Amino acid sequence: PGLGCFVRSISPELVINADVLSILLEKEAIVQVVEARKIIEASTASLASERATNEDFWRMEDILTGIDRAIQRGESVAAIAAEFHVTIAMATHNTVLAKLVKSFQHLMSKAGVLLELHTKDVEKFKKHELASHRQLYDIIRERNPENARQAMIEHIGYSEALILGALRAADMAEIGK
């Protein structure tokens with residue numbers, strides 16, 4: 001008696017994750033999430049190209065090695081490819097950006113798994129994922145912010161085209177039922 005109510009603080013990352021997941025309940029909103037990723041991650045790549053340390057580049061290299069090993073083992077690359085984006089955000093040394101990009105990690109991983117399941121040539125897709133992430137790494141390492149920004153926009157744009165194609169195919173399959 002007399003102690004009142006206690007409100008526990010909630011991590012902003014949990015709120016962002018909840019918001020992103022609720023948005024994703026509608027297929028049309030996926031386009032908006034990809035659009036947000038282009039805006040946020042393009043700037044993140046640009047800033048990382050200016051601020052990344054040798055240690056940040058080593059982390060990126062470790063993830064690239066992990067993607068390559070997953071391909072060699074015939075495993076999904078979805079989760080580790082999504083982790084690469086978080087590592088780029090961490091290389092900005094801006095905690096808010098890192099948490100924001102991390103809030104998309106689960107979504108990116110799920111989208112990657114779906115693309116792996118629905119692509120005609122999964123090995124080609126995985127190898128493209130590795131090459132595309134290596135290209136991002138190389139461009140960020142060049143320390144040219146505008147090139148890094150553009151490379152990330154193109155990288156996410158490629159994924160966007162695949163996702164939209166998969167959604168259209170799913171819609172056509174639904175219509176055919």
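Computed from a prediction, not measured in an experiment: that's the story for all the values here.
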Quiz item: Are M152 and F57 co-members of a hydrophobic cluster defined by side-chain heavy atoms under 4.5 Å apart?
Solution: yes
Quiz item: Taking atom NE2 of H93 and atom CG of L47, what is their separation to the nearest 0.5 Å?
Solution: 9.5 Å
Self-check item: For the student: nearest non-hydrogen atoms of S49 and R143, plus distance
Solution: O-NH1, 3.1 Å
Show the atom names and distances, to 0.1 Å, of all donor-acceptor pairs under 3.5 Å that link a side chain in residues 128-136 to residues at least two apart or in another chain.
from, atom 1, to, atom 2, distance (Å)
S132, OG, H155, ND1, 2.5
H133, ND1, E129, O, 2.6
H133, NE2, H85, NE2, 3.2
H133, NE2, H155, NE2, 3.4

Quiz prompt | Minimal non-hydrogen separation, A78 against G112, with atom names | solution = CB-C, 3.6 Å
Self-check item: Spatial distance of atom CZ (F84) from atom CD1 (I67) [nearest 0.5 Å]
Solution: 7.0 Å
Practice problem: Enter the distance from I156:CD1 to E41:CD here, rounded to the nearest 0.5 Å. | Solution: 4.0 Å
Self-check item: Main-chain N/O of E83 paired to T87 side chain as donor or acceptor, under 3.5 Å
Solution: yes
Practice problem: Identify the heavy atoms of A79 and S109 that sit nearest to each other, and give their distance. | Solution: CA-OG, 3.4 Å
Exercise. List the atom of M60, the atom of A91, and the distance in Å for their closest heavy-atom pair.
Key: CE-CB, 3.8 Å
Exercise. Assess whether side-chain contact (heavy atoms from CB on, under 4.5 Å) is satisfied between I139 and N144, documenting all intermediate values.
Key: CA-CA 7 Å; I139 291 170; N144 182 318; 5.9 Å; no
Quiz item: Minimum heavy-atom separation for A98 to A89, with atom names?
Solution: CA-CB, 3.8 Å
Quiz item: Same hydrophobic cluster for I88 and I153, using side-chain heavy-atom links shorter than 4.5 Å among ILVMFWY?
Solution: no
Quiz item: How many angstroms lie between CG in L115 and NZ in K126, if you round to the nearest 0.5 Å?
Solution: 12.5 Å
Exercise. Begin with the C-alpha distance, continue with both residues' side-chain angles, and end with the deciding distance and a verdict on side-chain contact (heavy atoms from CB on, under 4.5 Å) for E123 and I71.
Key: CA-CA 8 Å; E123 288 307 308; I71 292 169; 4.0 Å; yes
Quiz item: For the side chain of S103 and the backbone of L100, is there at least one donor-acceptor N/O pair under 3.5 Å apart?
Solution: yes
Exercise. Please list, chain by chain and in numerical order, all residues satisfying side chain to side chain donor-acceptor pair (under 3.5 Å) with E50, sequence neighbours excluded.
Key: none
Quiz item: Considering all heavy atoms of both residues, which atom of A70 and which atom of S76 are nearest to each other, and what is their separation?
Solution: CB-O, 3.7 Å
Quiz prompt | Qualifying side chain to side chain donor-acceptor pair (under 3.5 Å) pairs, either residue in residues 57-75, two or more places apart | solution = E55-R59, D56-R59, E61-Y137, D68-Q72, R73-E75
Quiz item: Atom OG1 of T95 and atom CE of M90: how far apart are they, to the nearest 0.5 Å?
Solution: 9.5 Å
Quiz item: Thinking salt bridges, do K38 and E35 make one under a 4.0 Å N-O criterion?
Solution: no
Quiz item: Are Y158 and I163 in one and the same hydrophobic cluster, where Ile, Leu, Val, Met, Phe, Trp and Tyr link if side-chain heavy atoms are under 4.5 Å apart?
Solution: yes
Quiz item: Is the backbone of E116 close enough, under 3.5 Å, to the side chain of T119 for a donor and an acceptor to pair up by distance?
Solution: no
Self-check item: S43 vs R149, side-chain contact (heavy atoms from CB on, under 4.5 Å): CA-CA, chis, key distance, verdict
Solution: CA-CA 6 Å; S43 295; R149 176 186 308 282; 3.1 Å; yes
Quiz item: With the 4.5 Å side-chain cut-off for hydrophobic clustering, are V77 and V113 part of the same group?
Solution: no
